[in-house]
Novice: 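Shown below is the structure under consideration.
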Amino acid sequence: MTVDVKQFFSTELLAWYRLVKRDLPWRKNRDPYRVWVSEIMLQQTRVDTVIPYYERFMAKFPTVRELAAAPEEEVLKSWEGLGYYSRARNLQAGAREVVERYGGIVPDDKTAVASLKGVGPYTSGAIMSIAFNRPEPAVDGNVMRVLSRYFCLEDDIAKPSTRVGIEKRAVSLIPEGAAGDFNQALMELGALVCTPKSPVCLTCPVMEHCAGRLAGKETELPVKTKAKPPREELRAAVIIAGSGEHAGKVLVRQRPAKGLLAQMWEFPHLLVDEHGEDAALADKLARSLHEETGLLIRPTGRLMDADHVFSHIHWKMKIYEADLGAAVTGAGSEKAWPAAGSASGRAAQTLYAAEASAAYEDSAAASSAAPSRAKLPAHYRWIGREEMEQLTFPNLFLRVLNQYWANSKR
DNA sequence: AAGACGGGGAG
DNA sequence: CTCCCAGTCTT
């Protein structure tokens, strides 16, 4: 690669950026904390999605110290709906580290920044270059696409080794004293001009020396192996209407501290077999819930289906409605069950009633209290619409819950 | 090297 | 539908 073509790229791209750059909230100043927060939020997340979250987050946690001092649930709540929630926990852990080890000042030190939780090669480079104007590469998906095209590189960008190679090129392109602007220019070009599907080459400031375009390969590049499709999981979920002191409320539970949607709230659900009738699925769910909580629930019908696709799992949820079955005799409620009329549905319902009866006896013997009055495990809770504001729900459950309350209102 | 980890917007 | 987005961490 000749020096001219690189020189041309750097000069033209930088000039272009300074002319057309977007006025984004995190570009108001170079406060390293503001840059840091923005870069974490922008991981795998579009600019337009991030903007409102960023504004709210910075208003609520304006400094490293305030973020470090906040209760973790408040930070998580600020992240509600953004996804990849470990980002929020890691960001706060990083803030606490900065307070404890660096007196609340984000250090102008590559090694120190890179060691913060949730800060990988891209983010450390972004912080060092944008906040401190250090000549570090900040290679994200945009940059890999732009440079793959400009230099006509056919390496698979899904491979970790490819990013390392592109980082080397990226460093060599940084103009003296302009690391921050140049790195942002690279990403701005990828976002506005050199887009994945149909790049707008005719408006590109560096098109005349773009090797990918000159080879007619701009739409084939970058090369990237396809991701595997997410595995499917059928889940039976239930929204349980409380009664008595819990009237108007529903039962929710908090997920474990580790793993998918860690620490977030949800309504009860259970992984079930791909086959199975409504009554059988609801029955499994009811039994499982009884084991966990001691509660005896009575499914009353199917509420809705909800599909939710994560990057690695596809949840197909069948969502049932239930109330707290008081006595066993009422278990075969007449109108409610959708499978009513089908012989197998009735059979399963009968089975459920019998089991519930047995369970009731066990539970009553063990606790000498009505199951519905028994103390819930700590991670279960009855909540109304207002209490929802305190708890953090993934969007999937938020949508269903809101729809449930909208329907039950009239 | 491969999988876990959210959610949404664009074509 | 498919792709993929200002990625990181764990195995």
Side-chain angles (χ1 to χ4, degrees), chain A residues 17 21-22 24-27 35-54 76 79-91 93-94 114-131 136-146 156-164 166-167 170 180 182-192 194-199 219 222 224-231 255-256 258-264 266 306-315 392-399:
Chain A
Y17 173 71
K21 66 174 176 180
R22 289 170 291 178
L24 300 172
W26 44 90
R27 289 181 178 164
V35 172
W36 180 15
V37 172
S38 74
E39 291 303 339
I40 299 298
M41 284 192 174
L42 286 161
Q43 288 169 8
Q44 301 292 287
T45 313
R46 257 180 204 71
V47 165
D48 290 336
T49 306
V50 166
I51 290 173
Y53 281 92
Y54 182 79
L76 204 55
W79 216 269
E80 184 179 58
L82 246 197
Y84 286 134
Y85 298 97
S86 66
R87 289 184 297 173
R89 277 187 294 274
N90 288 339
L91 176 58
S115 75
L116 297 171
K117 278 203 174 55
V119 176
Y122 163 74
T123 305
S124 69
I127 294 173
M128 292 314 294
S129 61
I130 298 171
E136 296 294 331
V139 175
D140 66 348
N142 281 314
V143 177
M144 289 203 279
R145 184 173 59 254
V146 168
D156 183 355
I157 65 167
K159 296 181 183 302
S161 58
T162 301
R163 199 207 67 239
V164 176
I166 292 185
E167 277 176 351
F182 178 75
N183 281 348
Q184 292 183 83
L186 229 26
M187 295 186 278
E188 197 85 337
L189 189 72
L192 301 180
C194 197
T195 52
K197 300 256 171 95
S198 30
T219 56
K224 184 179 185 180
T225 58
K226 305 186 290 291
K228 277 204 306 198
R231 68 172 183 274
R255 297 176 60 84
K258 297 245 169 230
L260 184 65
L261 301 172
Q263 287 174 254
M264 313 215 50
E266 64 182 8
D307 270 49
H308 192 76
V309 183
F310 304 94
S311 37
H312 57 307
I313 311 176
H314 181 168
W315 276 2
T392 309
F393 289 87
N395 269 7
L396 155 66
F397 296 106
L398 215 45
R399 271 196 292 268

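Letters A, B, ... are given to chains in the order of the sequence lines, protein chains preceding strands, and every chain is numbered from 1.
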Novice: Reckon V143(A) touches a base, only the sugar-phosphate, or nothing at all at heavy-atom distances under 4.0 Å?
Specialist: nothing
Novice: What is the 5' to 3' range of DNA chain C, first to last nucleotide, that sits under 4.0 Å from any heavy atom of chain A?
Specialist: dC3(C) to dC9(C)
Novice: Below 3.5 Å between N/O atoms, which protein atoms pair up with nucleotides 7-11 of chain B? Just atom names and distances, please.
Specialist:
unit_1: dG7(B); atom_1: OP1; unit_2: Y85(A); atom_2: OH; d: 2.7
unit_1: dG7(B); atom_1: OP1; unit_2: N395(A); atom_2: N; d: 3.1
unit_1: dG7(B); atom_1: OP2; unit_2: H308(A); atom_2: NE2; d: 3.0
unit_1: dG7(B); atom_1: O3'; unit_2: N395(A); atom_2: ND2; d: 3.0
unit_1: dG8(B); atom_1: OP1; unit_2: N395(A); atom_2: ND2; d: 2.3
unit_1: dG8(B); atom_1: OP2; unit_2: R399(A); atom_2: NH1; d: 3.2
unit_1: dG8(B); atom_1: N2; unit_2: R46(A); atom_2: NH1; d: 3.0
unit_1: dG8(B); atom_1: N2; unit_2: R46(A); atom_2: NH2; d: 3.3

Novice: Is W315(A) touching bases, backbone alone, or none of the nucleic acid, heavy atoms closer than 4.0 Å?
Specialist: nothing
Novice: My understanding is that only one of L42(A), V37(A), L24(A) makes a side-chain contact (heavy atoms from CB on, under 4.5 Å) with V50(A); could you say which?
Specialist: L42(A)
Novice: Please evaluate residues E136(A) and S124(A) with respect to the criterion side-chain hydrogen bond (donor to acceptor under 3.5 Å, both in side chains), reporting the C-alpha separation (whole Å), side-chain torsions for both, the decisive distance (0.1 Å), and the verdict.
Specialist: CA-CA 8 Å; E136(A) 296 294 331; S124(A) 69; over 6 Å; no
Novice: For R231(A), report the nucleic acid contact type (base, sugar-phosphate, nothing); a contact means any heavy atom under 4.0 Å.
Specialist: sugar-phosphate
Novice: Nearest heavy atom decides the nucleotide; on that basis, is A191(A) or L116(A) closer to the 5' end of DNA chain C?
Specialist: A191(A)
Novice: Show your working on salt bridge (charged side-chain N to carboxylate O under 4.0 Å, His left out) between E39(A) and R87(A) and close with a plain yes or no.
Specialist: CA-CA 11 Å; E39(A) 291 303 339; R87(A) 289 184 297 173; over 6 Å; no
Novice: Taking side chain as C-beta onward, heavy atoms only, is W79(A) less than 4.5 Å from R89(A)?
Specialist: no
Novice: Base, sugar-phosphate alone, or nothing: which one does R255(A) contact when heavy atoms must sit under 4.0 Å apart?
Specialist: nothing
Novice: If you find the nucleotide of DNA chain B closest to P160(A) and the one closest to I313(A), which residue's nucleotide is nearer the 5' end?
Specialist: P160(A)
Novice: Partners of W315(A) by ring pair (Phe, Tyr, Trp, His ring centres under 6.0 Å), sequence neighbours excluded?
Specialist: H269(A), F310(A)
